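Inspection log for the structure reproduced underneath, given as structure tokens.
Indexing begins at 1, ligand by ligand and atom by atom, following the structure's order. Quantities reported herein were computed from a predicted structural model and do not represent experimental measurements.
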Amino acid sequence: MSQSRLYFTNSGLFLSGGEACLIDPGLFPEELEAIAHFLAEQGAKPRAIVLTHSHWDHLLGPERFPGVRVITQANFLKETSAGRAEDLLWQVGEWEEEYGLEREKPFVIPQPSRTFKRRLTLELGELRLQLVHAPGHAADHLVIYEPGSRTLWAGDMLSDLEIPFVSQSLEAYEKTLEMLATWEVRILVPGHGHPTASAEEIQSRLAEDRAYLAELRERVSQAVAQGLNVGETVRLCAEMAFRHREENLGPHRLNIESVYLELGGKADRTRVGWNRL
Ligand SMILES: [Zn+2]
């Protein structure tokens with residue numbers, strides 16, 4: 001695993017029998033070079049690149065490994081089509097400008113050569129990687145489970161730094177965590193933050209995130225039932241407890257707004273919630 005200097009983003013790979021499966025490789029050019037260098041050192045061939053979802057900061061790896069098949073969940077195609085593609089290109093452009101990165105060819109959104117709906121088993125040397133649709137943060141979000149070591153690659157979930165970013169659907173996010181809570185996990189690698197092999201820590205991240213979402217649902221449903229507007233709903237959820245309070249105040253507010261809309265509250269969708277970003 002390697003960690004980017006942006007958002008504590010983790011890139012990783014599974015390696016078996018001289019074959020590698022790369023996960024969300026990125027982010028900066030020198031970080032991609034380091035991954036390529038590591039593969040060469042190991043004498044390993046990249047056989048597949050799995051993108052956990054279509055958010056811009058997970059899309060930058062495939063162009064460094066041309067010809068390697070890209071695997072995504074099926075909703076990736078819709079999530080990166082027409083109007084959305086422009087937003088993604090804009091986000092990548094902004095990031096490159098901020099860090100003064102020069103590119104030779106324009107960025108092109110990677111296209112999957114293989115997609116799946118609910119589940120896909122990927123054979124890699126001796127390993128049987130399980131790719132499982134796990135929506136809630138994004139409609140095309142997936143997780144990867146390696147049954148031999150009981151490793152869960154959680155994508156943008158179960159971070160020790162971030163709260164759940166409910167940027168697609170609260171209902172889907174709750175169901176995804178409910179499913180993950182039934183799996184045996186010994187090693188947890190989040191897409192942002194620190195991996196852990198502590199059973200206690202894995203349990204507590206899951207429990208905290210589920211409790212956070214349950215309280216969010218409870219408070220926002222009450223607000224909607226009482227006819228409160230979105231600003232009043234934000235105030236009703238202001239004193240909720242969550243990790244790294246300062247850093248997560250912005251995402252918490254966006255969560256409240258998005259959940260308010262999801263639970264039937266009336267507000268301008270272009271101005272509140274994750275959608276407005
Ligand atoms: Zn994301």
Basic-acidic side-chain contact under 4.0 Å: E257, R271
no

Which word best sums up how the rings of H58 and H192 line up, parallel for under 30°, tilted for 30 to 60°, or perpendicular for over 60°?
perpendicular

Salt-bridge criterion met for R219 and E239 (N-O under 4.0 Å):
yes

Angle at the Zn ion (ligand 1) between ND1 of H55 and NE2 of H137, to 10°?
90°

Which atom of H53 is nearest the Zn ion (ligand 1), counting N, O or S only? It is NE2

Does the shortest distance from the Zn ion (ligand 1) to an N/O/S atom of D156 fall below 2.8 Å?
yes

Does NZ or CZ of R118 come closer than 6.0 Å to the centre of the six-membered ring of F116, within 45° of the ring's axis?
no

